[in-house]
Peer 1: 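Attaching a single structure in structure tokens format; questions to follow.
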Amino acid sequence: MSLLRSVPLFAGIEPTRLKLIAYTSDTVAYRAGQTLCRQGDPGDAAYVIVEGEAAVSIATEAGDYELATLKVGDIVGEVAILCDVPRTATVTARTGLSALRIRKEAFLELVRQFPEIATEVMRGLAVRLSRTNDELARARNLASAGRDGGR
């Protein structure tokens, strides 16, 4: 419960409802370099980072490209769940990492039952989409400069 209270996504949730979240999630730990989820795999759970950092990367023709760093309080894996699509990126622990693993069915039920969680998830997705678009534009510019010999 105290772990959940420390996560911004759940900060506004009343204690009795936090118990439901605690009951439906698992605490998982990863060592630096371990993969939480891999691009293309089915989305079976979302993860809320409780401790540590993780790198989010996508596979490109030129190799893996890192899009973002996840920190405490960040959620990942929700796109695959919400859109019922394969994982859109690979997430790798950059440091020792602890996360809450919320299974797909439980995550969808939380979003249905708690509008404040749905709002926070949407806000986080919008911010991430904006950052991802910026990163992809930067990657295209770098690739274009490389093809043009830096001209």
Side-chain angles (χ1 to χ4, degrees), residues 1-60 62-140 142:
M1 290 287 291
S2 62
L3 188 65
L4 288 174
R5 281 193 195 102
S6 69
V7 176
L9 181 67
F10 304 125
I13 306 293
E14 60 189 58
T16 55
R17 292 180 174 197
L18 277 178
K19 286 181 185 176
L20 175 64
I21 297 168
Y23 181 73
T24 60
S25 64
D26 303 309
T27 302
V28 290
Y30 297 89
R31 294 182 313 276
Q34 279 190 296
T35 301
L36 280 74
C37 56
R38 191 170 308 284
Q39 183 177 349
D41 285 352
D44 62 347
Y47 299 85
V48 179
I49 307 299
V50 176
E51 184 180 316
E53 290 187 357
V56 179
S57 61
I58 58 170
T60 70
D64 288 348
Y65 183 77
E66 189 172 311
L67 293 172
T69 298
L70 299 175
K71 298 183 179 188
V72 173
D74 288 338
I75 186 168
V76 66
E78 76 283 20
V79 171
I81 289 173
L82 293 170
C83 299
D84 203 24
V85 297
R87 300 278 186 198
T88 57
T90 297
V91 179
T92 307
R94 195 177 261 155
T95 65
L97 185 139
S98 177
L100 292 176
R101 181 178 185 272
I102 307 171
R103 288 183 181 81
K104 181 178 181 173
E105 298 77 19
F107 183 83
L108 291 173
E109 187 61 29
L110 289 172
V111 169
R112 276 192 284 278
Q113 285 188 20
F114 307 116
E116 56 272 34
I117 289 178
T119 300
E120 284 302 312
V121 168
M122 286 189 302
R123 183 176 291 123
L125 285 171
V127 167
R128 193 170 342 143
L129 178 60
S130 176
R131 287 183 190 152
T132 299
N133 284 338
D134 292 346
E135 282 297 317
L136 290 174
R138 195 178 87 166
R140 283 188 199 104
L142 289 172

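Sequential numbering from 1 along the given sequence is applied to the chain's residues. All values below come from the heavy atoms of this structure, side chains included, with hydrogens, waters and symmetry mates left out.
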Peer 1: Quick one, T35 and T90 - any side-chain contact, counting heavy atoms below 4.5 Å?
Peer 2: yes
Peer 1: Could you measure the distance from the CD1 atom of I102 to the CD atom of E78? Nearest 0.5 Å is fine.
Peer 2: 10.5 Å
Peer 1: Using a 4.5 Å cut-off on heavy atoms from C-beta on, say whether the side chain of D26 contacts that of L100.
Peer 2: no
Peer 1: Looking at every heavy atom in both P86 and G40, which two are closest together, and how far apart are they?
Peer 2: CB-O, 3.3 Å
Peer 1: Give me the atom names and distance for the closest heavy-atom approach of K104 to G43.
Peer 2: CD-O, 3.7 Å
Peer 1: Could you report the tightest heavy-atom contact between G77 and R87, atom names first, then the distance?
Peer 2: CA-NH1, 3.2 Å
Peer 1: Grab the two heavy atoms, one from R31 and one from Q34, that are nearest each other, plus how far apart they are.
Peer 2: N-OE1, 2.6 Å
Peer 1: What's the separation between atom CD in Q39 and atom OG1 in T60, rounded to the nearest 0.5 Å?
Peer 2: 9.5 Å
Peer 1: Identify the heavy atoms of V48 and G73 that sit nearest to each other, and give their distance.
Peer 2: CG1-O, 4.3 Å
Peer 1: Of all heavy-atom pairs between I58 and A89, which one has the smallest distance, and what is that distance?
Peer 2: CG2-CB, 3.9 Å
Peer 1: Enter the distance from T92:OG1 to R38:CZ here, rounded to the nearest 0.5 Å.
Peer 2: 7.0 Å
Peer 1: Taking atom types as modelled and ignoring hydrogens, do the side chains of R94 and T69 form a donor-acceptor contact shorter than 3.5 angstrom?
Peer 2: yes
Peer 1: Please evaluate residues I49 and L97 with respect to the criterion side chain to side chain contact (heavy atoms under 4.5 Å, CB included), reporting the C-alpha separation (whole Å), side-chain torsions for both, the decisive distance (0.1 Å), and the verdict.
Peer 2: CA-CA 7 Å; I49 307 299; L97 185 139; 3.9 Å; yes
Peer 1: Just so I know, are the side chains of L82 and F107 near enough to count as touching, which here means a heavy-atom distance under 4.5 Å?
Peer 2: yes
Peer 1: Hey, could you give me the CZ/OG1 distance between R101 and T27, rounded to the nearest 0.5 Å?
Peer 2: 12.0 Å
Peer 1: Rounded at 0.5 Å granularity, tell me how far CG in L70 sits from OH in Y47.
Peer 2: 12.5 Å
Peer 1: Taking atom CD1 of I81 and atom CD1 of I75, what is their separation to the nearest 0.5 Å?
Peer 2: 7.5 Å
